[in-house]
J.: 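One structure is given below, represented as structure tokens, and several questions about it will come after.
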Amino acid sequence: AERKISEKSLDNLKRFNQENKAITRESIEISLLQLLDKKDFKKITISELVERAGVSRAAFYRNYGSKEEILKSIFESSIAKITKSLDGYNLKTDLYQVGLFLKEVKKEAKIISLAIDYNFEQVLTKAVYDFLEKRNGSSSNGAGSYLNSFWSSAIVSVISKWVKDGMKTPAEKIAKLGLPLFPHKKK
């Protein structure tokens, strides 16, 4: 007679596999960040990365196709933290919004700087665009969508310059430039 696995056992196995995958990915990402403190990204090998993470090469390639993919994943997580924290604020004035946004960016500056170095600005631009679309309630085929596209590129340009310049200019001073980085939905 054929032995069958119960639904509960299958669910437990799926949950275990998901948790294991998350732990593996986190180990690889943390290891890459630690190695980046010591050497240039291009000089880091997959071998030293998996050794530091305590995972096999097979586990690495089950989760990522390249080192760049890890960096992109780390960057996407940082962006998600920034936009999630902004969702929690009641954004009333442009000045206040820009100041909050820049403070959140500052918390993730190291990751953003790396992402800029490796040409992942398009990931940030898309995240800002999606944030603006959600915030402003624009439809993807309306004129507001073009405005959101414009502002998302402008915001990323300002962030890139500010982070690459070492954030020497205080966030409050940039906020006072008067740029409506988070335009309000027209009523």
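In this chain, numbering begins with 1 at the start of the sequence shown.
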J.: Which heavy atom of Leu32 sits nearest to which heavy atom of Leu49, and what is that distance?
T.: N-CD1, 3.5 Å
J.: What is the minimum heavy-atom distance between Lys42 and Lys67, and which atoms define it?
T.: O-NZ, 3.7 Å
J.: Do you know the tightest heavy-atom contact between Ala109 and Val163?
T.: O-CG1, 3.8 Å
J.: Rounded to the nearest 0.5 Å, how far does CZ of Phe16 lie from OG of Ser9?
T.: 13.5 Å
J.: Roughly how far, to the nearest 0.5 Å, is CG of Asn63 from CZ of Arg25?
T.: 5.5 Å
J.: Could you state the interatomic distance from CG (Leu36) to CG (Asp117), rounded to the nearest 0.5 Å?
T.: 10.0 Å
J.: May I ask you to say whether Glu69 pairs ionically with Lys72, meaning some side-chain N is under 4.0 Å from a carboxylate O?
T.: no
J.: Can you hop from Val156 to Phe150 via hydrophobic side chains spaced under 4.5 Å?
T.: yes
J.: Of the non-hydrogen atoms in Ala59 and Ser56, which two are nearest, and what is the gap between them?
T.: N-OG, 2.9 Å
J.: Taking 4.0 angstrom as the limit, do Glu172 and Lys103 come out as a salt bridge?
T.: yes
J.: Taking atom CD of Glu68 as the centre, report whether more than 12 heavy atoms of other residues, nucleotides or ligands fall under 6.0 Å from it.
T.: yes
J.: Can you establish whether the number of heavy atoms outside Glu26 located under 6.0 Å from its atom CD is more than 12?
T.: no
J.: Measuring from Asn148:CG to Asp130:CG, what's the distance to the nearest 0.5 Å?
T.: 10.0 Å
J.: With rounding to the nearest 0.5 angstrom, report the OG to CZ distance, Ser31 to Phe60.
T.: 11.0 Å
J.: Quick one: do Lys106 and Trp162 satisfy side chain to side chain contact (heavy atoms under 4.5 Å, CB included)? Show the steps, please.
T.: CA-CA 10 Å; Lys106 198 169 196 175; Trp162 186 56; 4.1 Å; yes
J.: Given side chain to side chain contact (heavy atoms under 4.5 Å, CB included), test Lys21 with Gln18 step by step and report yes or no.
T.: CA-CA 5 Å; Lys21 181 176 181 169; Gln18 289 169 341; 5.7 Å; no
J.: Could you check whether atom NZ of Lys164 has more than 12 heavy atoms from other residues, nucleotides or ligands sitting under 6.0 Å from it?
T.: yes
J.: Using the rule given for side chain to side chain donor-acceptor pair (under 3.5 Å), can you reason through Ser47 versus Arg57, listing the C-alpha separation, both sets of side-chain angles and the distance that settles it, and then say yes or no?
T.: CA-CA 7 Å; Ser47 295; Arg57 286 180 82 82; 2.9 Å; yes
J.: Show the nearest heavy-atom pair for residues Ser78 and Ile111, with the distance to one decimal.
T.: OG-CG2, 3.3 Å
J.: Any side-chain heavy-atom pair from Phe131 and Ile82 closer than 4.5 angstrom?
T.: no
J.: Please report the C-alpha distance between Lys39 and Glu48 in whole Å, then the side-chain angles of each, then the deciding distance to 0.1 Å, and finally whether the salt bridge (Lys or Arg N to Asp or Glu O under 4.0 Å) criterion is met.
T.: CA-CA 12 Å; Lys39 63 195 312 189; Glu48 67 186 320; 3.0 Å; yes
J.: Within the structure provided, determine whether Leu124 and Val128 are in side-chain contact (heavy-atom separation under 4.5 Å).
T.: yes
J.: What are the two closest non-hydrogen atoms of Ile79 and Ala127, and how far apart are they?
T.: CG2-CB, 3.0 Å
J.: Quick check: do Glu108 and Phe75 have side-chain heavy atoms less than 4.5 Å from each other?
T.: no
J.: Leu147 versus Leu132: any side-chain heavy-atom pair under 4.5 Å?
T.: no
J.: Tyr118: which residues meet the ring-ring contact (aromatic ring centres under 6.0 Å, His included) condition with it, sequence neighbours left out?
T.: Phe41
J.: When hydrophobic residues are tied together by side-chain contacts of less than 4.5 Å, even through go-betweens, does Ile46 share a cluster with Ile70?
T.: yes
J.: Linking I/L/V/M/F/W/Y whenever their side-chain heavy atoms sit closer than 4.5 Å, directly or via other members, would Ile44 and Tyr61 fall into one cluster?
T.: yes
J.: Using the rule given for salt bridge (Lys or Arg N to Asp or Glu O under 4.0 Å), can you reason through Lys110 versus Asp37, listing the C-alpha separation, both sets of side-chain angles and the distance that settles it, and then say yes or no?
T.: CA-CA 10 Å; Lys110 180 180 176 185; Asp37 284 339; 2.5 Å; yes
J.: May I ask you to decide whether Arg15 forms a salt bridge with Asp11, counting only side-chain N to carboxylate O separations under 4.0 Å?
T.: no
J.: Taking the side chain from Ser149 and the backbone from Ser145, do they hold a donor-acceptor pair closer than 3.5 Å?
T.: no
J.: If you round to the nearest 0.5 Å, how far is CG of Leu33 from CG of Leu71?
T.: 8.0 Å
